[in-house]
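Since we're looking at a predicted model, the values are computed, not measured. For the numbers below, each heavy atom of this structure counts, side chains included, while hydrogens, waters and symmetry mates do not.
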Amino acid sequence: MSSSTNLMINLLVLLALASLLSPAPALCYIHPGAAGSVVPPPPPPPADAYRTYIVLVDPPPHGEATDDDGHRRWHESFLPRGRRTDDGADQARIIRSYTQVFEGFAARLTAAELDGVVSKKPRFVRAFPGRRTLRPMTTHTPEFLGLTRGAGFWRDVAGYGKGVVVGLLDTGVHAAHPSFDDRGVPPPPARWKGSCAGAATRRCNNKLVGVKSFVDGDGDDDDVGHGTHTASTAAGNFVAGGASDCGLGAGTAAGIAPGAHVAMYKVCNGSGCDDDAVLAGFDEAMKDGVDVLSVSLGRWSSPPFDEDPIAIAAFSAVARGITVVCAAGNGGPEPSTVSNDAPWLLTVAAGSVDRSFSTTVRLGNGELVAGQALAQQPNSSTSYYPLLFSEKQPKCNELAGIVGDGVAGHLVVCQSDPVEDESVVSAMMATGAGGVVLINTESEGYTTVLEDYGPGMVQVTVAGGHNITEYARSSSSSAGGCKPNATVVFDNTLLGVHPAPTVASFSSRGPSKVAPGVLKPDVLAPGLNILAAWPPHLQHGGGGGGGLFKVISGTSMATPHASGVAALVKSRHPDWSPAAIKSAILTTSDAVDGAGNPILDEHHERATAFLTGAGHINPARAADPGLVYDIAVADYAGYICALLGDVGLGTIVRNESLSCGKLAKNKIPEAQLNYPTITVPLPPRSSSSSAAPPFTVNRTVTNVGPARSTYTVKLEMPRSLTVRVSPEKLVFSSVSEKKGFSVTVSGGGGGGEVVEGSLSWVSGKHVVRSPIVAVPRPYLKLGR
């Protein structure tokens, strides 16, 4: 009990510090492998400096804007007179006009102009500074998720996602990649309004149905690789044979929805992503008519929803029936680092798969230490090399600094430093090292984020590294003993590795600091060492051009897996709302790993719901959930009223006919939002001897299974909590029939810790599971 209490106290302290120290939000790619990927944004410019502002305004008076030009003229009416260029001409102020995500525009303004002119205009609503971050921080996964080519759910029930358009906001796409061949893919639906622009026009087909760039001065091709990778993961076509990274993971590649159509909106490049470009991508995707929008982008910190242009844009998309899927972020393993945490988003955490690119370090004493390597060499010899390890300078860059050319002929063992590893490893190999064994950092634990620094490098877990260094230490100190040595054996690709899935160390965790009463992230999906399409012209494996596929990691990689599943569900149920699709994915997710054991974290300890959300995604069950927890736009509006009031409602919902006072349910507290997971605030006890008063939440489920269905409640809760559900049985007589129930929770651990359990509605065919997370009320307030 005392350890749980201490953990809770430490968590609260971290939350308090985070709320005080978090810098202003900025977009970034979610990928942990790039040096300098987590960098605070620069300080704001002086008041007289021009910068990009995103301005929200009311729609023009009725009839004054009937086309895009009319909206642009309306937007220009808010601006001060044009500033002059050096040759005396008027310089355009407006960068972009928006009509779908909200009524507004992006313009170049000074802070003084914004405060003194623009904000004083009638029908002005709000403005945000546009930001950019600095540098941005599969063949097997369908099978791992239970999707098998040929007869069965994937083809016969979900139709491989045919008829669905998956849009992506990313770095562009390498249109010539075979993953975007349209073999077997029918034309897009007649309602599709998108198109291809620029060089991609000649490459577009029935698979790749839209490519547009919103990055000024940049083409639509992918010069980063990120967009090609995510697009192929979500909806890449089958690529038979030869899909591998340096010969590893070989097999037939396919996205999760290989029959779906792909539309790419380039909003980022190697320098990052500008808010105004991301909003333009949202705007265009809504005009074009995408069904699912996959957004593998994240923020340095999560601002309130009414101050976050991306949350506002996503709300407009969801209100149009578009399922928006976002990355949870790569801020793990610290708590309360989750981003993209608005309840109308499907927020995805990253986990491992049951595949290893296996390498074995064979020690001189016969002990075998499991590792992984991307650049594997033929086992032409079993030469043993003396180990080089320093207890005083354990990090690779420190060791390289003291031994210099002394690494020649040695197997160097050192602790990873992601910022400097690539250059240090390359230098060691260039000076004749027999190989380099990189040991994970303590925070990474058993999570090995594979990097390709060229041949000769092996990566091992903290536990594996401990075994190697203990052997080196004991052998060196033993009198008359042999000097420690080892050799490396490359094992290629192993499947069926356990435990899997586990939560990746970098995957951001809840609770949300903005809305801690809604469980985030929502769900766990494969995001560690994912093999997917890659532009062959990009550097790959330490020099020159690369292959057609590459292994990378991040919640960026987890997001398109969930987007692909959303496309499969949408293809099966085209009339379902985004909330219903999300509910189906959450309530059918797996609470256990492939062996039936609890899902573990990066240290192989039991993962909490703040790491996994509802559980690990399960595509086959998601298409047939039995019951769904649906949420209408008016319900989200009531939630926003409770959280942010009329000002927040007016900013996010952008519906002049709506106000908090006019809503039938004018305020819906977080706990009462009809969310498929249940977070219960535990009131404090009035005295040390009294029980905490009970708290009741209400939910409504909609029958999407057989017309005549009966569900009985099943509770799995710790003894410290008392949970009562009323009624305990739900009897349906028709499809789309709704039934309400209440959940009353009392008790608790008494030490201020979080308590977890689950509620399931069970019929003869379906199990509809919702996590219950009971948290102390002060904890929720501090999160906010």
Side-chain angles (χ1 to χ4, degrees), residues 100-101 158 161 163-167 189 191 257 260 282 285-286 289-295 305 311-326 340 342-348 518-520 522-523 562-589 613-614 617 619 621-640 652-655 658 663-665 668 672-677 698-705 732 734-740 761 766 768 770:
Q100 305 296 311
V101 291
V164 175
V165 181
V166 179
R191 57 179 169 76
F282 265 107
M286 291 173 65
V290 301
D291 298 296
V292 177
L293 201 50
S294 189
V295 186
F305 301 143
I312 299 168
F315 184 92
S316 297
V318 169
R320 293 278 194 90
I322 301 169
T323 300
V324 182
V325 186
C326 292
N340 296 317
W344 45 90
L345 301 174
L346 176 56
T347 309
V348 189
V518 175
L519 179 63
K520 289 287 180 171
D522 286 308
V523 74
S563 300
V565 174
L568 296 178
V569 178
K570 182 71 173 180
S571 179
R572 182 78 174 104
H573 304 284
D575 58 336
W576 280 14
S577 70
I581 292 173
K582 176 162 67 172
S583 173
I585 291 172
L586 268 60
T587 61
T588 60
S589 61
I617 203 163
R621 287 210 302 260
D624 184 20
L627 304 174
V628 295
Y629 295 78
D630 210 353
I631 305 176
V633 171
D635 296 325
Y636 284 127
Y639 163 82
I640 293 167
I652 298 171
V653 180
R654 310 295 294 125
N655 185 333
L658 280 181
L663 290 169
K665 301 176 182 177
I668 300 178
Q672 305 300 343
L673 185 67
N674 199 41
Y675 214 70
T677 58
N698 299 297
R699 291 290 190 270
T700 299
V701 288
T702 303
N703 182 27
V704 295
F732 296 92
S734 62
V735 177
S736 300
E737 185 180 358
K738 297 179 183 293
K739 294 284 185 180
W761 289 107
H766 298 97
V768 187
S770 294

Problem - Side-chain (S571) to main-chain (A158) donor-acceptor, under 3.5 angstrom - result: yes

Handout entry: H766 (side chain) donor-acceptor with G705 (main chain) under 3.5 angstrom
Key = no

Problem - Worked verdict on V701 versus K738 for side-chain contact (heavy atoms from CB on, under 4.5 Å) - result: CA-CA 6 Å; V701 288; K738 297 179 183 293; over 6 Å; no

Check: [Y] and [X] side chains under 4.5 Å, non-hydrogen atoms:
X: V324; Y: F315; value: no
X: V295; Y: V325; value: no
X: K739; Y: T700; value: no
X: T702; Y: L627; value: no
X: V318; Y: T323; value: no
X: I617; Y: S589; value: no

For [X] versus [Y], what's the shortest heavy-atom pair and its separation?
X: I585; Y: T588; result: O-OG1, 3.6 Å
X: P676; Y: T587; result: CB-CG2, 4.0 Å
X: A311; Y: F305; result: CB-O, 4.0 Å
X: G626; Y: N703; result: O-OD1, 3.4 Å
X: P343; Y: Y639; result: CG-CE2, 3.4 Å
X: T677; Y: R699; result: O-NH2, 3.2 Å

Practice task
Tell me yes or no: between the side chains of K520 and T347, is some donor less than 3.5 Å from an acceptor?
Solution key: yes

Separation of [Y] [atom2] from [X] [atom1] (nearest 0.5 Å):
X: I631; Y: N674; atom1: CD1; atom2: CG; value: 6.0 Å
X: R572; Y: D624; atom1: CZ; atom2: CG; value: 7.5 Å
X: Y629; Y: L673; atom1: OH; atom2: CG; value: 12.5 Å
X: L346; Y: L293; atom1: CG; atom2: CG; value: 12.0 Å
X: Q100; Y: S316; atom1: CD; atom2: OG; value: 9.0 Å
X: L345; Y: C326; atom1: CG; atom2: SG; value: 4.5 Å

Problem - Check against side-chain contact (heavy atoms from CB on, under 4.5 Å), N698 and Q672 - result: CA-CA 6 Å; N698 299 297; Q672 305 300 343; 3.7 Å; yes

Handout entry: Chi angles and distances behind the side chain to side chain donor-acceptor pair (under 3.5 Å) call for Y675, D635
Key = CA-CA 10 Å; Y675 214 70; D635 296 325; over 6 Å; no

Exercise for the section: Determine, for K570 against D575, whether the closest basic-nitrogen to carboxylate-oxygen distance falls under 4.0 angstrom. Expected result: no

Handout entry: F282 and I322: CA distance, side-chain angles, deciding distance, side-chain contact (heavy atoms from CB on, under 4.5 Å) verdict
Key = CA-CA 11 Å; F282 265 107; I322 301 169; over 6 Å; no

Exercise for the section: State which residues pass side-chain contact (heavy atoms from CB on, under 4.5 Å) with A580; sequence neighbours excluded, sorted by chain then number. Expected result: W576, S577, V628, D630

